[in-house]
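See below for the structure under consideration.
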Amino acid sequence: NGPSKKAKVSEQVGLTDITITYHRPNVNGREGKIWGQLIAEGFTNMGLSPNLSPWRAGANENTIFECNNDLKIEGKLLPKGKYALFIAYSPNESTVIFSKKYDAWGSFFYDEKDDALRVKVKPYALDKSVEWLKYEFSEQTQNSAVISLEWEKLAIPFKLEVDYLQQQFDAIKGELKNPRGFNYQSISAAAQWCLNNHYQLEQGLAWANLATDSVNGFGGHHSFSSLSTKAQLLEKLARPEEAISVMKLALPFGEMLELHQYARQLLGQKKIKEAFDVFQRNYLKYPDEFTTLVGMARGLAAIGDKKKALAFAQKALPKAPDDPNKLAIKSMIEQLKMGKDIN
């Protein structure tokens, strides 16, 4: 392999594993003679083939780019697989090439017909010189990253993107074909994932139905969590009457904190009467608990009865479980005394 160091860099973007294997030549005193001289512009005749060839984007063997899921490079689809990575350098606009012929030595026998993808990118100058060529992942998000080849005082970047939600969805579907698919908790969790991500809502509802409705002796488990997930999916699918019906079925299964959080959610949606009814139901089920007393204070304040709301807040104060809650209730009491809204 000569003096160039062999290297490998790997990252996971979304649920996609990406690996670049390459050899790292060094500048070795050739500052100012790398780009446009050692690395010629565009495609060149390397003498062993009639075809014009790009640079191997490293040294020695092909630089190899691997991905275990489909992804997009600069907005264009690259199917999962293993590729030789080549670059046709130009100072204004370089061409990054992914070739299906990845097991060659360099790009001496490069053939355009083996290209899986070509994209145009813009190189940029670096503040500091990079002695040994390297590949860097940067600007990473859940579903994207920028990979840059950096050498001497130049970087050649390309952006990759993955369909993170689709990958997660496919993984969940796969899991539910295994033993996890035979318990309502996993199926309900899959429905909740669709709800949380506003993704594949119809399939989410199908999973919610499977978790909560009895089919040939399977499923049919009723809990506040599973039923409320189903109701929220129906709401998002513009089936409000069905959603209301399912929530009525869910309420008797609600634990204190579940009901309190649901009522707070209704307040956030400006469904004042519905929120008060849930706060009151929770209080009657769990009387004189700190949480339900606070809930009644919020519910009464929301419907405009601040006098009664103040009485419930004052009852809640000595039951506060810790100092942060005491401070919050004291603030609530002061606001109610001044006739202010606490929601």
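As a basis for the values below, the full set of heavy atoms in this structure was taken, side chains included, without hydrogen atoms, waters or symmetry mates. All figures in this text were calculated on a predicted structure; none of them were measured in a lab. We count residues from 1, following the sequence as given.
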*Check for a donor-acceptor pair, side chain of Arg56 on one end and backbone N or O of Asn60 on the other, with a separation under 3.5 Å.*
yes
_Is the shortest side-chain heavy-atom distance between Ser53 and Phe108 below 4.5 Å?_
no
*Which residue pairs pass the salt bridge (charged side-chain N to carboxylate O under 4.0 Å, His left out) test with at least one member in residues 159-174, sequence neighbours excluded?*
none
*Flag the pair Lys271 / Gln265 as yes when at least one side-chain heavy-atom distance between them is below 4.5 Å, and no otherwise.*
no
*Check the surroundings of atom CZ in Phe276: do more than 12 heavy atoms from other residues, nucleotides or ligands lie under 6.0 Å from it?*
yes
*With no hydrogens and no angle check, is any side-chain donor or acceptor of Arg118 less than 3.5 Å from a backbone partner on Ile97?*
no
*For side-chain hydrogen bond (donor to acceptor under 3.5 Å, both in side chains), just list the numbers for Tyr102 and Glu66, CA-CA rounded to whole Å, side-chain angles, deciding distance to a tenth of an Å, and then say yes or no.*
CA-CA 10 Å; Tyr102 61 83; Glu66 297 178 73; over 6 Å; no
*First locate atom CG of Asp111, then atom CG of Asn51, and finally report the distance between them rounded to the nearest 0.5 Å.*
4.5 Å
*asked:* Parallel, tilted or perpendicular, judged at 30° and 60°: which one describes the rings of Tyr110 and Phe43?
replied: tilted
_Salt-bridge contact Lys273-Asp277 (side-chain N to carboxylate O under 4.0 Å)_ = yes
*Go through Lys319 and Leu293 one step at a time and tell me if the side-chain contact (heavy atoms from CB on, under 4.5 Å) criterion holds.*
CA-CA 9 Å; Lys319 294 179 178 288; Leu293 288 167; 3.6 Å; yes
*Looking at OG of Ser129 and NZ of Lys153, how far apart are the two atoms once the value is rounded to the nearest 0.5 Å?*
6.0 Å
*Using modelled atom types only, decide if a donor and an acceptor are shared between the side chain of Ser188 and the backbone of Gln185 within a distance under 3.5 Å.*
no
*CD of Gln142: more than 12 outside heavy atoms within 6.0 angstrom?*
no
*Check: Gly106 main-chain N/O paired with Asn62 side-chain donor or acceptor under 3.5 Å*: yes
*Distance in Å, Ile18 CD1 paired with Thr16 OG1, rounded so as to fall on 0.5 Å steps*: 6.0 Å
*Relative to each other, are the rings of Trp151 and Trp55 parallel, tilted or perpendicular (30° and 60° limits)?*
parallel
*Please indicate whether Arg239 has more than 12 foreign heavy atoms, meaning atoms of other residues, nucleotides or ligands, lying under 6.0 Å from its CZ.*
yes
*For the side chain to side chain donor-acceptor pair (under 3.5 Å) test, which of Thr292, Asp288, Thr291 pairs with Tyr283?*
Asp288
*Indicate the atoms forming the closest heavy-atom contact of Asp17 with Asn68, along with that distance.*
N-OD1, 2.8 Å
_Any Arg281 side-chain heavy atom under 4.5 Å of Leu284 side chain_ = no
*Verdict with reasoning, Tyr135 to Ile147, per side-chain contact (heavy atoms from CB on, under 4.5 Å)*: CA-CA 7 Å; Tyr135 284 87; Ile147 297 176; 4.1 Å; yes
*Donor-acceptor contact present, side-chain Asn197 to main-chain Trp193, <3.5 Å*: yes
*Side chains of Leu327 and Ile329: closer than 4.5 Å at any heavy-atom pair?*
no
*Identify which one of Tyr83, Phe98, Phe86 satisfies the ring-ring contact (aromatic ring centres under 6.0 Å, His included) criterion when paired with Phe65.*
Phe98
_Does this structure show an ion pair linking Glu136 with Lys134, if we count only N-O contacts that are shorter than 4.0 Å?_
yes
*Do the non-hydrogen side-chain atoms of Val121 and Glu93 ever get within less than 4.5 Å of each other?*
no
*What's the spacing between Asn343 CG and Leu267 CG if we round to 0.5 Å?*
5.0 Å
*Hey, is the main chain of Ser228 close enough, under 3.5 Å, to the side chain of Gln232 for a donor-acceptor pair?*
yes
*Looking only at heavy atoms, what is the nearest atom pair of Lys230 and Asn209, with distance?*
CE-OD1, 2.9 Å
*Do side-chain atoms of Thr21 reach the backbone of Ile64 as a donor and acceptor pair under 3.5 angstrom?*
no
*Point-to-point distance, once rounded to the nearest 0.5 Å, from CG of Leu234 to CE of Met247*: 11.5 Å
*Using modelled atom types only, decide if a donor and an acceptor are shared between the side chain of Asn178 and the backbone of Gly174 within a distance under 3.5 Å.*
yes
*Starting from the C-alpha separation in whole Å, work towards a yes-or-no answer on side-chain contact (heavy atoms from CB on, under 4.5 Å) for Gln167 and Val162.*
CA-CA 8 Å; Gln167 289 178 0; Val162 300; 3.6 Å; yes
*Considering non-hydrogen atoms only, spot the tightest contact between Asp341 and Lys306 and give its length.*
N-CE, 4.0 Å
*Please, which pairs that meet salt bridge (charged side-chain N to carboxylate O under 4.0 Å, His left out) have at least one residue in residues 29-45, sequence neighbours excluded?*
none
*With the side chain counted from C-beta on, respond yes when Lys128 and Leu126 share a heavy-atom pair under 4.5 Å apart, and no when they do not.*
no
*How far apart are the closest heavy atoms of Val96 and Ile87, and which atoms are they?*
CG2-CG1, 4.4 Å
*Side chain Glu235, main chain Pro240, donor-acceptor under 3.5 Å*: no
*Do any N or O atoms from the side chain of Ser148 and from the backbone of Glu150 form a donor-acceptor pair under 3.5 angstrom?*
no
_Lys/Arg-Asp/Glu bridge criterion (N-O < 4.0 Å) met for Lys113, Asp115_ = no
*First locate atom CG of Asp305, then atom CG of Leu300, and finally report the distance between them rounded to the nearest 0.5 Å.*
5.5 Å
_Does Lys308 have more than 12 heavy atoms from other residues, nucleotides or ligands lying within 6.0 Å of its NZ?_
no
*Test item: Val9 and Tyr22 side chains (from C-beta on) under 4.5 Å apart, heavy atoms*: yes
_For a 4.5 angstrom cut-off between non-hydrogen side-chain atoms, does Leu259 reach Phe224?_
yes
_Nearest atoms (heavy-atom pairs only) where Ala301 meets Ile342_ = CB-CG1, 3.7 Å
*asked:* With side-chain contact (heavy atoms from CB on, under 4.5 Å) as the criterion, how do Trp207 and Leu233 come out once you've worked through the C-alpha distance, each side chain's angles and the decisive distance to 0.1 Å?
replied: CA-CA 10 Å; Trp207 282 330; Leu233 285 162; over 6 Å; no
